[in-house]
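Encoded as structure tokens, the structure appears first; notes follow it.
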There are 2 protein chains.
Amino acid sequence: MTNNDHQDAVAHEPEPRTADSRAEAFHGVRAARRNELAEDYVELIAELIHTQGEARPVDIATKMGVTAPTVAKTLDRLARDGLITRAKYRSVFLTEEGRALAKECRHRHEIVLRFLLSLGLDSETAERDAEGIEHHVSERTLALFAAFANRS
Amino acid sequence: MTNNDHQDAVAHEPEPRTADSRAEAFHGVRAARRNELAEDYVELIAELIHTQGEARPVDIATKMGVTAPTVAKTLDRLARDGLITRAKYRSVFLTEEGRALAKECRHRHEIVLRFLLSLGLDSETAERDAEGIEHHVSERTLALFAAFANRS
DNA sequence: GCAGATTGTTAGCCTTGTCTAACTTTATGC
DNA sequence: GCATAAAGTTAGACAAGGCTAACAATCTGC
Ligand SMILES: [Mn+2]
Ligand SMILES: [Mn+2]
Ligand SMILES: [Mn+2]
Ligand SMILES: [Mn+2]
């Protein structure tokens, strides 16, 4: 990730001594928000490569529910950030970094989803909520989710 | 909310027959994302009014961890959307609609937080994760969270 | 009651993420 | 092998949400 420095920076309080703990929480949330889209894209791209053999922009657009130009621009940003490689009119490939992120995201998605299902949620709602929640669970929370899902 | 029509629209599939269920999930997530900031602001404003007697931009900026001009611009949007009223150089007030949203948000925040704590999470992490997760839990999930937190 | 500090506003810049319209390239079917 | 369809790109608009710099209003302490 390009912007993860912020994530880390927050840890040792870069603020000029305004360090309200609430402000720090919001900083963390904003940092997470900045990565959401990239995470969803690489996760989807990995899945398409796995199930279809390749990740084509048209399929990304369909699954994401956005238009083709939106996908094009987003892919350009992902390429700039070193998560994918692409060539004009060709399908999309993940870089090593992209693959690593995709794997991590899939793992998180999986755990959050299993957790919600194990709480008794219907699968459609679980899928929808997981898609949003997955970007906002810390390692600790994830561990607790995994433990709960396994134990039940 | 101004943009909530989207939320509802999604329910009876407005897409031209591309209705991938994944796409619908992402539509829902994007709709939730559009309301996150407004939700955080009205919740904070309500809290400031309650604890300080009034909500001043400077305090909003401190708690949110952003600069004053950012707050100013955001407050203008909230006013435009009918959630607050404000006058130049004066503190901020919630409209009826704003109060309703704030109440709902506080309720959701509370439940998500209690739920995370009841899972065994430390309070700092719980607060941080709740701040992000709260915007992505459906009514159903919230009900399950509440039940779990109460039962434990 | 005024100087200086604090608070608030305005202007303007930047990036992200969405869209439509128009065009180009590639794939497909006969 | 060519016409048409499908996929992809490019250009450009627009709103949100962040920032800094500069200025204006208000508050505070003496
Ligand atoms: Mn997601
Ligand atoms: Mn996901
Ligand atoms: Mn929040
Ligand atoms: Mn909250």
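Just the heavy atoms: all of them, side chains too, but no hydrogens, waters or symmetry mates, feed the values below. Within every chain, numbering begins at 1; the chains are lettered A, B, ... in the order of the sequence lines, protein sequences first and strands thereafter.
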Nucleotide of [options] approaching [X] most closely (side-chain heavy atoms):
| X | options | value |
| --- | --- | --- |
| B:Thr67 | D:dG18, C:dT9, D:dT20 | D:dT20 |
| B:Arg77 | D:dG17, D:dA25, C:dT18 | D:dG17 |
| B:Tyr89 | D:dG18, D:dA24, C:dT24 | D:dA24 |

So [X], base contact, sugar-phosphate only, or nothing? Heavy-atom distance under 4.0 Å.
| X | result |
| --- | --- |
| B:Lys88 | sugar-phosphate |
| A:Arg86 | sugar-phosphate |
| A:Arg56 | sugar-phosphate |

Take atom CD of A:Glu54 and atom P of C:dA27, then tell me their distance rounded to the nearest Å.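 Computing the A:Glu54:CD to C:dA27:P distance gives 10 Å.
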Length of the CG-C1' vector between B:Leu75 and D:dG18, whole Å: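 Going from CG in B:Leu75 over to C1' in D:dG18 covers 14 Å.
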side-chain hydrogen bond (donor to acceptor under 3.5 Å, both in side chains) between B:His107 and B:Glu134, intermediate numbers included: CA-CA 10 Å; B:His107 182 240; B:Glu134 59 176 353; over 6 Å; no
Has A:Arg80 got a side-chain N or O lying under 4.0 Å from the OP1 or OP2 atom of C:dT16?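 Looking at the OP1 and OP2 atoms of C:dT16, one of them is under 4.0 Å from a side-chain N or O of A:Arg80.
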What pair of heavy atoms forms the shortest contact from B:Ala130 to B:Leu116, and how long is it? N-CD1, 3.8 Å
Test for a donor-acceptor pair under 3.5 Å between the base of C:dG12 and the side chain of B:Lys73, counting only N and O atoms.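 In this structure, the two groups form a donor-acceptor pair.
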Assuming nearest nucleotide by heavy-atom distance, tell me which of A:Arg33 and A:Ala68 is located more 5' along DNA chain C.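 Here A:Arg33 is the residue nearer the 5' end.
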Give the cluster check for A:Leu78 versus B:Phe26: same hydrophobic cluster or not, with ILVMFWY residues linked at side-chain heavy-atom distances below 4.5 Å. yes
